[in-house]
Amino acid sequence: MEQIVWVWNYMKGRRAVFMCGLFLTLVTSAMRVINPMLGLKIIDEVIIPRNTAPLIPLLVTMMIVQLVRLGLNYLMIILMEIASTDVMTRIRHDMYETVQWQDYRFLGLFPTGNLMTRMTQDLDRLRHTVAWVSYQFIGAIALFISTFTFYMIINWKLALCLVAVTPFILYISRRFIRKIRPRFMLLRQKLTDLGTAVTENIDGNRVVRAFAREEYEKEKVEKHNSQFRDISCENALISAKYQPFLETASQFLMVIMLVVGGFFLIREWMTPGEYMAFSSLTWALSMPMWMLGPLLADLERYTSAGQMIREVVESPKGISDISGAVELAHRPKGKIEFRDIKLTINETAILQDINFTAEAGSTIGILGSTGSGKTSLVNLLARFYEPDYGAVLLDGEDIRRYTLSSLRRNIGLAMQDVFLFSDSVKGNISYGRPEMDDETIQKRAVQADADSFVSCMSGGYNTLVGERGVGISGGQRQRIALARALATEPAILVLDDTTSAVDSETEQFIQEQLEKLDFSCTKIIIAQRISSFRKADLILVMDKGRIIERGTHSELLEKKGFYHHIWTLQYNAGIEAMEGK
């Protein structure tokens with residue numbers, strides 16, 4: 001019932017269409033008893049008394065009833081398809097919007113393959129339930145009730161004999177539901193595991209091949225595939241176990257009709273026309289009983305799929321605009337302040353006691369070992385995470401005061417995990433500003449030192465790059481990502497290991513270009529190579545989520561701490577030489 005109410009809420013605007021479809025289902029199901037009633041009259045009032053006068057009108061009426069019923073049935077199918085497709089579209093929209101507004105914690109709980117299965121196969125099951133199972137279920141009930149009512153009017157004793165098997169069928173159906181419900185939930189989980197394994201294998205195809213792990217991945221996918229097959233077969237066996245009982249009970253109606261109905265006919269407790277009407281509608285009692293098993297199985301599939309969909313749709317938004325959030329009406333100056341920041345993810349302390357200020361237009365360098373919290377720090381700036389304590393300020397205002405869209409439009413990100421869309425080089429660079437002209441695109445590519453290799457491509461800036469940039473090197477992908485970040489002319493530019501895959505000469509050229517940008521911005525540079533931010537106004541050294549050292553390049557060298565140690569390892573120079581530099 002809870003699932004039905006949930007879907008009903010999504011039918012807003014289409015409820016009249018859906019209810020009209022169900023109403024037509026009731027009408028067309030009830031109309032099935034009209035022709036047997038007319039057939040009764042033909043036998044009792046035309047054939048037996050040999051009175052041919054009403055024959056033609058009765059036959060014409062039977063034909064008209066059949067044509068009207070088929071027409072209404074066709075209209076009903078169209079209405080149900082419209083309602084179900086609209087529901088599916090709205091739910092998919094809400095699922096996608098929910099995912100878009102979630103933070104990284106949510107994406108850690110729902111892998112890509114998991115989400116794709118929910119947004120495709122689960123939604124298709126839901127559409128199938130609304131469009132087909134619902135009207136089949138309602139139609140079966142309406143057909144049973146209308147037929148039973150017709151039977152009771154004609155001969156109530158024979159009607160009661162025919163429905164005597166109904167309690168037995170209901171008992172079998174109840175046993176079947178209790179048995180199959182947890183099995184469908186398990187089957188749905190196995191399908192999710194299979195989808196996740198396949199998606200990860202495709203996304204990580206190059207890594208798989210690089211380590212010659214094709215056979216291992218093949219076995220892993222085959223394992224999930226086999227588990228899904230086994231559960232599917234077990235569910236089919238359960239259905240096969242109960243279905244014969246339902247079919248036998250429904251077919252037993254024919255035996256009752258032949259024995260009891262024949263007895264009534266011999267004793268003249270019913271006319272030949274009435275016997276014919278009973279016989280012609282026996283299927284109308286048996287078919288709903290026979291269909292009960294498959295329909296209940298489909299409803300259980302819908303229940304399991306609906307639960308999976310609701311887990312996503314009803315997930316609380318990790319990060320959203322607070323009440324009263326305002327748009328950044330103008331380009332911010334770019335002054336950044338991290339004040340008493342503390343961040344915990346999955347009960348693990350990621351950042352603690354983070355305090356620093358970056359003046360507008362300054363350059364901040366961040367150095368630290370892997371896992372020290374460097375990337376998490378800039379993720380707070382773009383509000384991919386929310387701090388457990390403290391605040392991040394932009395030009396003296398808490399960034400939560402601004403809408404997410406307006407805040408992020410003023411932050412240019414070139415992250416270490418480069419993602420390029422299956423689009424042209426031009427399309428990837430202008431992703432944040434689709435209206436950008438070709439001259440500006442090339443200008444930003446030159447500043448990122450991407451023009452040098454893009455111009456040599458067969459299609460130039462119109463060259464299509466594969467998914468995730470397949471076909472170009474890691475350094476080239478990083479430079480296109482940098483050009484994409486520069487193209488938005490952000491007030492804050494964040495470079496997270498953006499030049500880790502380029503050579504020293506290219507890195508030096510990019511640094512020179514960043515120093516003479518034609519727009520002012522505050523730069524935050526995260527890198528493992530000190531050369532990437534040697535001239536920074538402030539360098540932060542992080543370890544285990546804390547800032548352990550801060551200062552300029554020369555100040556940090558004089559402290560002879562962690563920064564000094566890294567400098568020594570990277571440049572293999574003596575202390576005197578380093579201090580002289």
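Nothing here was measured: the structure is a model prediction, and the numbers come from that model.
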**Message:** Just so I know, are the side chains of Thr271 and Ile48 near enough to count as touching, which here means a heavy-atom distance under 4.5 Å?
**Reply:** no

**Prompt:** Does a donor on one side chain and an acceptor on the other come within less than 3.5 Å for Asp94 and Tyr10?
**Reply:** yes

**Prompt:** If we only count heavy atoms from C-beta on, is the Ser405 to Glu327 side-chain gap below 4.5 Å?
**Reply:** yes

**Message:** Within the supplied structure, the quantity of interest is the number of heavy atoms (other residues, nucleotides, ligands) at a distance under 6.0 Å from Lys220 NZ; does it exceed 12?
**Reply:** yes

**Request:** Take atom CE of Met119 as the centre, draw a 6.0 Å sphere, and report whether it contains more than 12 heavy atoms from other residues, nucleotides or ligands.
**Result:** yes

**Asked** Do Thr85 and Arg14 come close enough that some side-chain heavy atom pair is under 4.5 Å?
**Response** no

**Heavy atoms from other residues, nucleotides or ligands near CE of Met116 exceed 12 (cutoff 6.0 Å)** = no

**Asked** Quick one: does Ser146's side chain get under 4.5 Å of Phe150's, heavy atoms only?
**Response** no

**Request:** Answer yes or no: does atom CD of Glu435 have more than 12 heavy-atom neighbours from other residues, nucleotides or ligands under 6.0 Å?
**Result:** yes

**Message:** Donor-acceptor pair, distance only, cut-off 3.5 Å: does the side chain of Arg477 make one with the backbone of Leu420?
**Reply:** no

**Request:** Return the orientation label for the Tyr135 and Trp132 ring planes: parallel under 30°, perpendicular over 60°, tilted otherwise.
**Result:** perpendicular

**Item:** Exam field: side chain Arg408 to backbone Ala382, donor-acceptor pair closer than 3.5 Å
**Value:** yes

**Prompt:** Phe419 vs Phe421 aromatic rings, parallel, tilted or perpendicular, using cut-offs 30° and 60°?
**Reply:** perpendicular

**Request:** Run through Thr129, Val17, Val130 and flag the one making a side-chain contact (heavy atoms from CB on, under 4.5 Å) with Ser84.
**Result:** Val130

**Item:** Within 6.0 Å of CE in Met63, more than 12 heavy atoms from elsewhere
**Value:** no

**Request:** Mind jotting down which residue pairs meet the salt bridge (charged side-chain N to carboxylate O under 4.0 Å, His left out) criterion with at least one end in residues 115-136? Sequence neighbours excluded, please.
**Result:** Glu81-Arg127, Arg118-Glu311, Asp122-Arg125, Asp122-Arg188, Asp124-Arg127

